[in-house]
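Below: the structure, in structure tokens.
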Amino acid sequence: MAELLDIADRVCSWARDGEQIEVMVGRSRDIEIRVYDGEIEKLSSAESAGVGVRVIRDQRQGFAYAGTLDVDVLEEVLADARDNAGFGDPDEAYGLAEPDGVPYAELDVYREELAAFPTERKIELAMELERAVRAADPRISGLEASDYEDGQAEVAIVTTAGLRITSRETYASIVASALADDAGETQIGWWYSIGREPGELDVAACAEETARRATRLLGAGKPASKRCTVVLDPYVTSQFLGIVGYALSAEEVLKSRSLFADRLGDLVASPLVTLVDDPRDARALTATAIDGEGLATRRTELLAGGVLQAFLHNTYTARRMGTSSTGSAVRSFSTTPKVGPRALAIAPGTTSPAELFAGVDDGFYVQEVSGLHSGVNPISGDFSTGADGLRITGGALGEPVREFTIASTLQRMLLDVRGVGNDLTWLPGNAAGVTLVVGDVTVSGT
Amino acid sequence: MLDEGVIKRTLSAALRTGGDFAEVFAEDKRATSARLDDGRVEELSSGRDRGVGIRVVSGETTGYAHTADMSEDGLRTAAEAAAAAARGGGGGERIVDLTRVTAPRPNPVAILPETIEKAVKVALLQRANDAARAESAAIKQVSARIGDSRRRILVANSEGLLAEDDQVRTLLSVQTVAAGDTGMQTGYETVGFTIGWELFDRVDVEEHARKVARQALTKLDARPAPSGTMPVVIGPGGGGVMFHEACGHGLEADLVGKGASVFKGRVGELVASPLVTIVDDGTMPEEWGCFAIDDEGTPAQRNVLIQDGVLTDYMWDHLRARKEGRARSGNGRRQSYQHLPMVRMSNTYLLAGQHDADEIVADTDHGVYVKHLGGGQVNTATGDFVFGMTEAYLIEGGKLTEPIREGNLIGNGPEVLTKIDAVASDFAMGNPGMCGKDGQGVPVGDGVPTLRVTELTIGGTAA
């Protein structure tokens, strides 16, 4: 990481009078292995690195990046960023993050064990996963993929405002995608296991869940249209929260694109909903001690008992709205700092998923949704997605259903939360999952 | 981009562990973006990505390594890593002779975007902003973006192929937010082609911005979308993504080969209404998904996938075609040098039919007219797919009546294809798209004439 800091220091040292410069240097190393039918289908190894430079001068901002750390390119990137700064409109809120004294968390997110783990054993994990999924149920006809993937990433941020910080992390994951066949019908199901190093991966649990998700949809029919209660799988809840998180970004609020604008202090969700973003929670795969501007990440309570408490800020939005950054600048070296959640989680309830199902007289358990990008509008709040899952009748899970949609609005769904499970689950995205009961949703089928 | 001697030596190094096939893919991409938001030109950004990916195939195993270090040492290191991953039986020294492939470029570029002054780009964004806001006081927010990229690629492989392409793409996208008594609504539309700055000789920036403003304004009065099944008429141009999802992905040979497609084993069968002929065509001049060569060096082709309802062929990349001992179809694509190629669509469209577009609507008593689609998603194993409607209207008594709010439609590909009962003659291509598969995004195009599906499920909330 010293090398990344050196590069960032060097670019920063080229700053001219009256110029603010922020340099982000990133480097990552990844390996991806896919096994198919007992053979390695592909093994891809890669190292990538790059630098992004933001220049602010006369209240104008410019940015440039390059996917290399070659010395000759560094000068070109700075020159491009400088040139770009000449064409933006001035805004007095532009500026680098100032050191604010908030301490950086010590997070256990980098594991030396990963580098020592031999490639042959990574391949074996993917092979073992494929065998375990096949063995889990006779109706599993094959796998589309059985993947192992890991990586390590390091980043350095240096600014002329005096921030100089590095961070590094590792991760490892396995993912299986299985086909289940019965009476000429095929269904697909997938699941994963994630950790900071291969020792944390659970092949048996991943295989069992993959097979369960593929086989339990066999024989699924299309339900009749009606309004009813749906119970969201933790994975679906996490996708739902990701969209809510977008609307809680101060950038969207400032730019008249958030359904939560002007709602601070209002009851915007069921009292069962307390929502926190805490990138310092090392259980989140997206946990990090530093944000995209080099500030310490911190815990932000967004909703408490359904009442809107705060928005997420980076330095720019905080200046515009007269508050301080929540350390929520998100970016890679190829983009300027945006605003977003890193580790959202609903405070878990005390009820088990089984008890939640038992409380539903007539509804659906939603295992998976599709078309979140095409049928959900986080600005208007319109929500409509494809879904599959199981029918719930008289509190019991019943036959599988598919090819239907669930629809409501984000505003109403938050207010219609009737139950929060005790099964908080950390997932690959920027939000944790929990079983969530949402009342009064329109199901469209036949 | 790379010296031929270096390429040959790299391929030899890649084959040293006994691989059956080796490939060098080099890429040098520059992209610039100018964005206006909230009334200000917020940001101009320039980026450069260049590097080389090396693939070695041995039996059923593919090894891949990529590097941003384009020196001969860098390439050799990557070649050795890829070769180690795909260790074959043979080995030893193998010499590769390269023959340059020439493919017609479907994308002549008149004005390279890199020659355009940044001030000119900024001024265009201002014009879009002004025009959209002038449309109504209810327009509360406008963001506009101009993006252009130049991607030069070189592909060489151990079969002796050497091919290059220079792909220039330019686009303008505008998003608007309108606010009224019923809350906020949005408009969004992108216009773009695989051409240079001459895009703006043919695109009226102000008219594009006004159109996007009207999309948002119209929806302020929109009713909740209906819930349940009914006939759906898809408008010209705006609905190509339906076929991309309903059957396109299911006709990709990699998914078919693994049994993950409902269309497996169905070549030669009637899989759609006889009114349906679907083509995937990478040669379509200037369209968003066109190219001279795919990312494996195969010249782009026009491939008929479904002819008069009969499934004629799948789409193929090098790996899958080699395995089946057949010709590739020019569908081997990748996001960048950091990715392995796989089977991908290019420009996918439904050919025009004989019906009259107005008559199709007039002949529909009660249904939904989708003028503009958003994206979509498909489960290729079951064929169930969704696509979003970003601009849609109710059809009542054969006439378009009220606008409806956004939502997804859901259907099953093989069923929907057989339920198309009218295809009009007014074919049009749609807007530029980005197709995601297995974590990789590639630019694609699509197009349709007006058509009717007798039954689709509308995922709204109204009874």
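Note on naming: letters A, B, ... go to the chains in the order of the sequence lines (proteins, then strands), and numbering restarts at 1 for each one.
- Top candidate by heavy-atom pairs under 4.5 Å with chain B, chosen from A:G50, A:A46, A:G52, A:G386, is A:A46.
- Residue with the most contacts toward chain A among B:K140, B:Q185, B:R55: B:Q185 (heavy-atom pairs, distance under 4.5 Å).
- In this structure, the portion of A:L179 lying under 4.5 Å from any heavy atom of chain B is its side chain and not its backbone.
- Contact annotation for A:S256: both backbone and side-chain heavy atoms come within less than 4.5 Å of a heavy atom of chain B.
- A salt bridge is defined here as a Lys NZ or Arg NE, NH1 or NH2 lying under 4.0 Å from an Asp or Glu carboxylate O, and A:R82 with A:D80 fails to meet this definition.
- Heavy-atom pairs under 4.5 Å with chain A peak, among B:A68, B:G228, B:G183, at B:G228.
- For the residue pair A:S444/B:S227, the side-chain donor-acceptor check at 3.5 Å is satisfied.
- A salt bridge links A:D91 to B:R40: at least one charged side-chain nitrogen sits closer than 4.0 Å to a carboxylate oxygen.
- Taking 4.0 Å as the cut-off between side-chain N and carboxylate O, B:K437 and B:E252 count as a salt-bridged pair.
- Heavy atoms closer than 4.5 Å to chain B are found in the backbone of A:E47, but not in its side chain.
- Interface remark: of the candidates B:E42, B:K29, B:E60, B:E42 forms the most heavy-atom pairs closer than 4.5 Å to chain A.
- By the 4.0 Å N-to-carboxylate-O rule, B:D317 lies too far from B:K323 to be salt-bridged with it.
- Residue B:A81 touches chain A through its side chain alone, counting heavy-atom pairs closer than 4.5 Å.
- Residue contact with chain A, scored on non-hydrogen atoms closer than 4.5 Å, involves the backbone and the side chain of B:V41 alike.
- Heavy atoms of B:N412 lying under 4.5 Å from chain A belong to its backbone as well as its side chain.
- Heavy-atom distances place no part of A:F333 under 4.5 Å from chain B, backbone and side chain included.
- For A:K226, no part lies near chain B; criterion is any non-hydrogen pair under 4.5 Å.
- For B:K118 and A:D83, the salt-bridge test passes: some basic side-chain N is under 4.0 Å from an acidic carboxylate O.
- Taking B:G53, B:G47, B:G460, B:G388 one by one and counting their heavy-atom pairs under 4.5 Å with chain A, the maximum is reached by B:G47.
- Using cut-offs of 30° and 60° for the angle between ring planes, the B:H66 and B:Y64 rings count as tilted.
- Looking at B:D384, only its side chain comes within 4.5 Å of chain A, counting heavy atoms on both sides.
- Pairing each heavy atom of A:T317 with each of A:V339, the nearest pair is CG2-CG2, 3.9 Å.
- Proximity to chain A is absent for every atom of B:D254, based on heavy atoms less than 4.5 angstrom apart.
- For a residue to count as touching a neighbouring chain, one of its non-hydrogen atoms must lie under 4.5 Å from one of that chain's; by this rule B:E117 does not touch chain A.
- Both the backbone and the side chain of A:S45 come within contact range of chain B, each with at least one heavy atom under 4.5 Å from a heavy atom of that chain.
- Using a 4.5 Å cut-off between heavy atoms, B:Q175 contacts chain A through its side chain alone, with no backbone atom that close.
- From A:F383, atom CZ reaches atom CD1 of A:I406 across 5.0 Å, with rounding to the nearest 0.5 Å.
- With a 4.5 angstrom heavy-atom cutoff, A:D70 touches chain B only via side-chain atoms.
- Proximity to chain B (any heavy atom under 4.5 Å) is restricted, for A:V443, to the backbone atoms N, CA, C and O.
- Minimum heavy-atom separation, A:A214 to A:G189: CB-N, 3.5 Å.
- Only the side chain of B:Y337 comes within contact range of chain A, with heavy atoms under 4.5 Å apart.
- Salt bridge annotation for A:D147-A:R34: present, with a cationic side-chain nitrogen under 4.0 angstrom from a carboxylate oxygen.
- Heavy atoms closer than 4.5 Å to chain B are found nowhere in A:R54, neither backbone nor side chain.
- Chosen from A:E368, A:E41, A:E185, the residue pairing most often with chain B at heavy-atom distances under 4.5 Å is A:E41.
- Here A:R257 is the residue among A:R257, A:R227, A:K222, A:Q61 with the most heavy-atom pairs under 4.5 Å with chain B.
- Note that B:K258 lies in the cation-pi zone of A:Y36, set by a 6.0 Å cut-off to the ring centre and a 45° limit from the axis.
- Between chain A and the options B:G63, B:G374, B:G376, B:A82, the largest number of non-hydrogen pairs under 4.5 Å is found for B:G376.
- Salt-bridge formation is detected for the pair B:K219/B:E406: a Lys NZ or Arg NE/NH1/NH2 atom is positioned less than 4.0 Å from an Asp or Glu carboxylate oxygen.
- For A:D72, the CG atom counts as densely surrounded, since its 6.0 Å shell holds more than 12 non-hydrogen atoms of other residues, nucleotides or ligands.
- For A:F404, the part lying near chain B is the backbone, with the side chain staying farther off; criterion is any non-hydrogen pair under 4.5 Å.
- Geometric assessment of A:R60 against the ring of A:F87 yields a negative cation-pi assignment under the 6.0 Å and 45° thresholds.
- Contact annotation for B:L125: neither backbone nor side-chain heavy atoms come within less than 4.5 Å of a heavy atom of chain A.
- If you measure heavy-atom distances from A:E76 to chain B, the contacts under 4.5 Å come from the side chain alone.
- We find that B:E27 and B:R48 are not joined by a salt bridge, their nearest charged nitrogen and carboxylate oxygen being 4.0 Å or further apart.
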